[in-house]
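For clarity, every value in this text was computed on a predicted model and none was experimentally measured. Whatever order the structure lists ligands and atoms in, that order sets their numbers, starting from 1.
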Amino acid sequence: MEYVDLRSDTVTKPTPAMREAMANAVVGDDVYGEDPTINRLQELAAGMMGKESGLFVASGTMGNLVGVLAHCQRGDEVIVGNKAHTFLYEAGGISVLGGVHSCQLPNQPDGSLALEDIENAIRPDDPHDPITRLICLENTHNRCGGTFQSPEYIKRVSKFAHARKLFVHLDGARIFNAAAAQQVNARELAATVDSVTFCLSKGLCAPVGSVLCGSKEYIRKALRLRKMVGGGMRQAGILAAAGIVALETMTGRLSEDHARARNLASGLREVPGLVLGQEIPATNMVFLSLDPLVKSKAEEVADNLKEHGILVGVTGARSFRLVLHYWINDIGVDQTITAFRSVLH
Ligand code: TLP
């Protein structure tokens, strides 16, 4: 059965143009720095983020891990949102592998961290305390509904951090969605942070990989850390080739996914038994929950939807996440609305 797979934009498969680029990729040993396709991707990525250098990594998780560790020593503290991917879904890597302590602040509904909370969280120079080193932001913000932060907000946090000799790392897994939603260039969102990770293998459809970008000196540190965690990938130009196609051809179409997310939300709003998380989805994610009158649990509803050819993400006992991406068209959106209607009738 062909499923309409809305569980995540990570499920996207490479496009025919990517497969062709992969088949023809010129490769070399990237641990020697000799893979021309990886080098090209890294340069392209760094340019798009307005940074000196880029580093191709296996995943967003690896980019954030190496990204945080390149800023921090063991025992340092990172200020992070309590709904941040880095905090919730990266197996605690920064503390397990890096000995980095986390200070979790409440994410505001739009995914931001309040400047006042950050200010109060910065540690005094006291031997009782860990040393505050880094602030992590996320844009778009996954668990806050695919919401986005503005260039102005990121600039404000960066200015605040730099005045206190702190660094800022941006988990920009979906930075191009954040840019598309605000009709700004991704560079404007990354301009003032010290480092940024973004993913090629989500809405941009590449099969594998993310890029960590920052200053030359910072990326040199990150290179050693990437090796340490087993991320020196040799002839991975085959993967980077798809990443180049992703950056050159896929970033400009993300607003189509956002428009479909809005259509999906407005259709589902009319389905009795569903409550939408947001009036209008901010980017490519639709969050919903079951009305208290519905007896079934989310898992059961998801199983029934599967029988109708629809796959959704279950995010709690009564809640779902539906993510739009390149492989979901208008027909898929209509099928999803119809399937929810018949499952919840
Ligand atoms: N997010 C995945 C799951 O891990 C939840 C998804 O389906 O959305 N930062 C953000 C903001 C992310 O959403 C993700 C993946 C990552 C980092 C990690 O990327 P990968 O999966 O490449 O390690």
Test of proximity, S8 against ligand 1: N or O pairs below 3.5 Å = yes

Tell me yes or no: between the side chains of E217 and S215, is some donor less than 3.5 Å from an acceptor?
-> no

Pick one of side chain, backbone, both or neither for how R7 approaches ligand 1, counting any non-hydrogen atom pair under 4.0 Å.
-> neither

Answer yes when D30 and R226 have at least one side-chain N-carboxylate O distance shorter than 4.0 Å, and no when they do not.
-> yes

Would you check the N or O atoms of A173, main chain and side chain alike, for any that come under 3.5 Å of an N or O of ligand 1?
-> no

Does ligand 1 have any atom sitting under 4.0 Å from a heavy atom of M62?
-> no

Polar atom proximity, R321 to ligand 1 (N or O, under 3.5 Å) = yes

Run the numbers for me: atoms of ligand 1, each under 4.0 Å from some heavy atom of S59, listed by number.
-> 22 (O), 23 (O)

Ligand 1 contact by E90, heavy-atom criterion under 4.0 angstrom | yes

Heavy-atom side-chain proximity of F320 to F287 below 4.5 angstrom | no

So for R143 against ligand 1, with non-hydrogen atoms under 4.0 Å, the contacting part is neither

Side chain, backbone, both or neither: which part of H141 comes within less than 4.0 Å of ligand 1 when only heavy atoms are counted?
-> neither

How long is the span from the CG atom in L113 to the NZ atom in K83, to the nearest 0.5 Å?
-> 11.5 Å

Going by heavy-atom distance to atom 22 (O) of ligand 1, choose the closest among G172, G60, C199.
-> G60

salt_bridge(E77, R133) N-O dist < 4.0 Å | no

Side chains of H169 and N64: is there a donor and an acceptor less than 3.5 Å apart?
-> yes

Where ligand 1 meets T61 - atom numbers and elements under 4.0 angstrom, heavy-atom basis = 18 (C), 19 (O), 20 (P), 23 (O)

Would you say ligand 1 has an N or O under 3.5 Å from any N or O of S201?
-> no

Any ion pair linking K202 and D9 (charged N to carboxylate O, less than 4.0 Å)?
-> no

Between H85 and ligand 1, does any nitrogen or oxygen pair lie at a separation below 3.5 Å?
-> yes

With only distance considered, is T140 within less than 3.5 Å of ligand 1 through an N or O on each side?
-> no

Same apolar cluster: F198 and L170, side chain cutoff 4.5 Å = yes

Heavy atom of the protein closest to atom 11 (C) of ligand 1 (residue, atom name, distance) | E138 OE2, 3.3 Å

Going by atom types only, do H71 and S195 share a side-chain donor-acceptor pair under 3.5 Å?
-> yes

Nearest protein heavy atom with distance in Å, relative to atom 21 (O) of ligand 1 = K202 NZ, 3.8 Å

Please say whether D171 places an N or O atom under 3.5 Å from an N or O atom belonging to ligand 1.
-> yes

From the list H141, R143, E90, side chain to side chain donor-acceptor pair (under 3.5 Å) with H85 holds only for E90

Can R220 be said to sit on top of Y218's aromatic six-ring, NZ or CZ under 6.0 Å from centre and within 45° of the ring axis?
-> no

